[in-house]
Number of protein chains: 2
Amino acid sequence: MDQRPRPTRGRPVATTHEEIEEAAFRLFDERGFAETTVEAIAESVGIGRRTLFRYFDSKNDIPWGRFADSLDHFREILADSPPGLPLHESVHQAMLRFNDFGPHAAPQHRRRMGLILSTPALQAHSVLRYAQWRGVIADHVADRTGLAPGDLLPVTVGHVSLALALSAYEFWLAHEESDLLDLLDSAMAGLRDHLA
Amino acid sequence: MDQRPRPTRGRPVATTHEEIEEAAFRLFDERGFAETTVEAIAESVGIGRRTLFRYFDSKNDIPWGRFADSLDHFREILADSPPGLPLHESVHQAMLRFNDFGPHAAPQHRRRMGLILSTPALQAHSVLRYAQWRGVIADHVADRTGLAPGDLLPVTVGHVSLALALSAYEFWLAHEESDLLDLLDSAMAGLRDHLA
DNA sequence: CACAGTAATGACACTCAGGGCCAAAAGTCG
DNA sequence: CGACTTTTGGCCCTGAGTGTCATTACTGTG
């Protein structure tokens with residue numbers, strides 16, 4: 001989102017996205033998302049409310065962190081997939097790799113998704129993010145099939161891939177011990193059986 | 001949502017959901033959704049702003065009309081499906097019947113979905129509606145398979161069914177002459193091929 | 001017909017998200 | 001030190017949503 005080399009001119013920044021995110025999550029844990037005002041988050045970071053809105057477009061955007069960056073990563077994964085691979089395989093593999101946070105980042109990822117998927121306002125806001133994610137898939141499918149990104153198949157594969165991912169995520173969050181990657185596999189296998 | 005026999009006591013109601021919906025759509029068409037204030041809608045109906053919020057929980061709920069009622073209908077359709085039918089068939093048939101608005105209601109339905117799917121705020125809000133719709137499917141799948149409604153397969157079938165429906169809707173709205181029912185069929189067939 | 005009971009209405013006031021505007025702050029560079 | 005640059009944050013406004021409560025407009029009864 002903001003990978004510019006940071007010109008050293010002008011007044012220095014007062015905070016970072018990460019710092020705001022951290023403070024916000026602390027407050028969300030304490031009082032809940034709806035009960036935490038943007039004012040409180042800003043105060044907790046030590047910045048003005050107005051400044052916080054320059055780092056995040058809305059309160060709903062805070063839990064998503066720098067999502068746009070990871071979208072670029074997703075796009076690369078798909079582009080790098082071997083051209084010989086069947087389409088459904090390359091999409092499937094990309095989904096697995098995209099969601100493969102190491103043991104290091106997994107806890108924060110779980111915290112983030114847990115908050116998002118359990119908070120109505122955030123669930124709602126998420127579709128706008130999901131739409132971008134689906135777009136990346138649709139573009140890839142269109143590219144490999146020669147169809148337009150708006151044609152039925154690319155759009156459908158995008159939607160269905162998201163559907164599988166969300167199923168897996170919901171189960172993962174509900175079951176502490178489960179493995180997200182296994183679940184993605186299972187969800188896809190289940191769908192295949194179901195349709196057969 | 002509100003099928004009580006209308007007790008004849010007390011002060012009579014000043015309006016109806018339908019009347020508000022109509023006035024709102026007229027204003028949305030004129031100025032756009034975001035540019036139309038709740039105040040303006042209320043004024044156009046001739047009621048107070050506070051009263052409007054007793055009919056609809058939020059501005060975002062207005063375009064959905066009485067969605068809860070149609071959910072009950074969807075539940076009935078699924079419950080009535082022949083027990084012999086394969087699961088994926090009963091879900092598929094139910095989706096077709098649920099989305100089969102006659103030529104009478106189709107234009108208003110198109111208008112409604114067109115507004116929702118082209119307005120970010122409404123797209124976002126819709127997930128909360130979709131979640132209920134998915135729940136109906138998950139319950140049905142759980143019922144027929146003996147699984148719990150929260151298990152992976154029922155949840156997945158719910159998500160994927162929604163995915164197919166949304167793909168079809170997006171294409172339908174983008175192509176005036178297309179047939180929604182055909183598109184639902186095509187989307188499902190496309191997915192089957194894709195996975196095979 | 002008056003009067004009690006009932007239920008919806010709408011005015012008022014308040015909180016909070018979001019955004020436009022702009023003067024002040026806090027750096028760097030020559 | 002002074003010019004330049006960029007971020008900050010204060011001020012103020014709009015609009016959604018909610019609690020409270022007096023008022024309104026009915027119905028049904030004596």
Side-chain angles (χ1 to χ4, degrees), chain A residues 1-21 23-24 27-28 30-64 115-116 119-126 128, chain B residues 1-21 23-24 27-28 30-64 119-126 128:
Chain A
M1 197 170 279
D2 199 358
Q3 217 61 8
R4 330 161 227 183
R6 213 42 216 86
T8 180
R9 298 286 204 67
R11 177 172 173 166
V13 297
T15 182
T16 61
H17 287 86
E18 287 69 26
E19 197 182 4
I20 294 172
E21 200 184 318
L27 291 175
F28 294 158
E30 283 173 25
R31 325 179 190 173
F33 181 81
E35 290 71 27
T36 304
T37 66
V38 172
E39 177 101 46
I41 301 170
E43 194 183 1
S44 155
V45 179
I47 59 175
R49 201 178 68 101
R50 192 67 187 75
T51 299
L52 191 151
F53 277 115
R54 287 209 189 82
Y55 283 79
F56 292 95
D57 286 342
S58 73
K59 180 182 172 183
N60 287 334
D61 281 304
I62 300 177
W64 280 97
L115 177 66
I116 290 172
T119 306
L122 292 175
Q123 277 183 56
H125 185 71
S126 302
L128 308 176
Chain B
M1 197 171 281
D2 199 359
Q3 217 61 10
R4 332 161 225 184
R6 209 47 212 83
T8 180
R9 299 288 205 64
R11 176 172 175 168
V13 297
T15 184
T16 61
H17 287 84
E18 287 69 27
E19 197 182 4
I20 294 172
E21 200 184 319
L27 292 174
F28 294 158
E30 283 174 25
R31 324 178 190 173
F33 180 82
E35 290 71 26
T36 304
T37 66
V38 172
E39 177 100 45
I41 301 170
E43 194 183 359
S44 156
V45 179
I47 60 175
R49 200 177 68 103
R50 192 67 185 77
T51 299
L52 192 152
F53 276 115
R54 288 206 188 83
Y55 284 78
F56 292 96
D57 286 342
S58 74
K59 180 180 171 185
N60 287 334
D61 282 304
I62 299 178
W64 280 98
T119 307
L122 292 176
Q123 277 183 56
H125 185 71
S126 302
L128 308 176

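Every chain is numbered from 1 and lettered A, B, ... according to where its sequence line falls, protein lines coming before strand lines. As the structure is a prediction and not an experimental result, all values here were calculated from the model.
- Rounded to a whole Å, the CG atom of B/Asn60 is 10 Å from the C1' atom of D/dA16.
- Annotation: the span from B/Trp64 atom CH2 to B/His17 atom NE2 amounts to 15.5 Å, rounded to 0.5 Å.
- Annotation: the span from B/Thr119 atom OG1 to B/His125 atom NE2 amounts to 12.5 Å, rounded to 0.5 Å.
- Atom-to-atom, CD of A/Glu43 to P of D/dG9 comes out at 13 Å; the value is rounded to the nearest Å.
- By the 6.0 Å contact criterion, CD on A/Glu19 is enclosed, its count of non-hydrogen atoms from other residues, nucleotides or ligands being greater than 12.
- With values rounded to the nearest 0.5 angstrom, B/Arg49 atom CZ is found 11.5 Å from B/Ile47 atom CD1.
- Using a 4.5 Å heavy-atom cutoff, the side chains of A/Phe33 and A/Ile116 are not in contact.
- Between the P atom of D/dT7 and the CZ atom of A/Phe53 lies a distance of 19 Å, rounded to the nearest Å.
- The CZ-P distance, from B/Arg9 to C/dA7, rounds to 7 Å in whole Å.
- Within residues 30-42 of chain B, the residues having any heavy atom closer than 4.0 Å to DNA chain D are, in order of number, B/Thr36, B/Thr37, B/Val38.
- Checked against C/dG18, D/dG17, D/dT27, the side chain of B/Ser58 finds its nearest nucleotide in D/dG17.
- Atom pair B/Lys59:NZ and C/dC16:C1' shows a separation of 17 Å (rounding to whole Å applied).
- The number of heavy atoms from other shown groups lying within 6.0 Å of CD (B/Glu43) does not exceed 12.
- Every residue two or more places apart in sequence or in another chain was checked for a salt bridge (Lys or Arg N to Asp or Glu O under 4.0 Å) with A/Glu35, and none qualifies.
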Got a list of protein N/O to nucleotides 9-12 of chain C N/O distances below 3.5 Å?
| unit_1 | atom_1 | unit_2 | atom_2 | d |
| --- | --- | --- | --- | --- |
| C/dT9 | OP1 | B/Ala14 | N | 2.8 |
| C/dT9 | OP1 | B/Tyr55 | OH | 2.8 |
| C/dG10 | OP2 | B/Gly48 | N | 3.0 |
| C/dG10 | OP2 | B/Thr51 | OG1 | 2.9 |
| C/dG10 | N7 | B/Arg54 | NH1 | 3.2 |
| C/dG10 | O6 | B/Arg54 | NH2 | 2.5 |

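- Per the geometry, NE2 belonging to A/His125 stands 13 Å off C1' belonging to C/dA17, to the nearest Å.
- Between A/Ala24 and A/Ile62, the shortest heavy-atom contact is CB-CG2, 3.6 Å.
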